Amino acid sequence: MKSELHFKDKVLSIVSKIPYGRVTTYGSVATLAGLPRGARFVGGVLHFNEVKAPWHRVVNRHGFISTKCIDHPKKLQKVLLEQEGIEVSSDFMIDLKKYGWFGEKSLDNS
DNA sequence: GGGCTGACTGACG
DNA sequence: ACGTCAGCCAGCC
């Protein structure tokens, strides 16, 4: 039975595993989910499912907030990240070198 | 069941 | 170095 959890479930799980004060990219989440090429879908997952995970900690490869947030302006995510202790540039750019979380090599034993 | 969509990424000019 | 194009994969209609 392949994966008991659908890809989107994995994504949500991984996103909720992002440590406080850290950010990650769609590519990393997709890779951890088992789909290094499914970066696009990661966003689609969060878009379709109600945001229960810290989606605001997920940004694109350039550390830029791609999240359209539809009903809410990017400004919202910027504020959320700042509340996490992450410094966000006025252009919604984040320093992935400082806050970028790529699994920290942990990945548990899984 | 087939086709379109999407909060991306990487390659090419 | 920056801008543009195409590919990718699974969910949803």
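In this text, all values refer to a predicted model and were calculated from it rather than measured experimentally. To find a chain, count down the sequence lines: A is the first, B the second, and so on, and within it residues start at 1.
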To the nearest Å, give me how far apart [atom1] ([X]) and [atom2] ([N]) are.
X: A/Leu76; N: B/dA7; atom1: CG; atom2: P; result: 16 Å
X: A/Leu12; N: B/dA7; atom1: CG; atom2: P; result: 15 Å
X: A/Ile65; N: B/dA7; atom1: CD1; atom2: P; result: 15 Å
X: A/His62; N: C/dA1; atom1: NE2; atom2: P; result: 13 Å
X: A/Phe41; N: B/dC8; atom1: CZ; atom2: C1'; result: 13 Å
X: A/Ile18; N: B/dA7; atom1: CD1; atom2: C1'; result: 13 Å
X: A/His47; N: C/dC9; atom1: NE2; atom2: C1'; result: 17 Å
X: A/Tyr26; N: C/dC9; atom1: OH; atom2: P; result: 20 Å

For C/dG11, does either OP1 or OP2 sit under 4.0 Å from a side-chain N or O belonging to A/His6? yes
Under 3.5 Å, is there a donor-acceptor pair linking the side chains of A/Ser28 and A/Thr25?
-> yes
Verify the distance criterion only: is there a donor paired with an acceptor across the side chains of A/Glu87 and A/Tyr99 at less than 3.5 Å? yes
Rounded to the nearest 0.5 Å, the OH atom of A/Tyr26 sits from the OG atom of A/Ser66 at a distance of 5.5 Å
CZ of A/Arg57 to CD1 of A/Ile86, rounded to nearest 0.5 Å, is 7.0 Å
Which of A/Leu96, A/Asp95, A/Ile94 passes side-chain contact (heavy atoms from CB on, under 4.5 Å) with A/Lys98? It is A/Asp95
Encoded 5' to 3' (Watson-Crick or G-U under 3.5 Å; [ ] crossing; | other strand), DNA chain B becomes .|||||.||||||
By nearest-nucleotide position on DNA chain C, the 5'-leaning member of A/Lys8 and A/Arg40 is A/Arg40
Closest to the 5' end of DNA chain C, once A/Arg37 and A/Phe7 are matched to their nearest nucleotides, is A/Arg37
Considering only heavy atoms and no angle criterion, is a donor-acceptor pair shorter than 3.5 Å present between the side chain of A/Arg61 and the base of B/dG10? no
Quiz item: With sugar-phosphate meaning primed atoms plus P, OP1 and OP2, does A/Leu46 contact a base, only sugar-phosphate, or nothing at under 4.0 Å between heavy atoms?
Solution: base
- Task: Quick one: label A/Gly44 by what it contacts on the DNA or RNA (base, sugar-phosphate, nothing), any heavy atom closer than 4.0 Å.
- Result: nothing
Next on the checklist: Determine whether A/Lys8 and A/Val42 satisfy the following criterion, side-chain contact (heavy atoms from CB on, under 4.5 Å), listing intermediate values before the conclusion.
Outcome noted: CA-CA 7 Å; A/Lys8 81 182 190 72; A/Val42 176; over 6 Å; no
Tell me whether the rings of A/Phe7 and A/Phe41 are parallel (<30°), tilted (30 to 60°) or perpendicular (>60°). tilted
Does A/Glu84 form a side-chain contact (heavy atoms from CB on, under 4.5 Å) with A/Tyr20? I'd like the steps, not just the answer. CA-CA 6 Å; A/Glu84 299 280 298; A/Tyr20 180 92; 3.3 Å; yes
Which is it for A/Leu12 and A/Leu46 under the side-chain contact (heavy atoms from CB on, under 4.5 Å) test, yes or no, and what are the steps along the way?
CA-CA 7 Å; A/Leu12 290 171; A/Leu46 299 175; 3.3 Å; yes
Numerically ordered, the residues 83-92 of chain A set in heavy-atom contact under 4.0 Å with DNA chain B is none
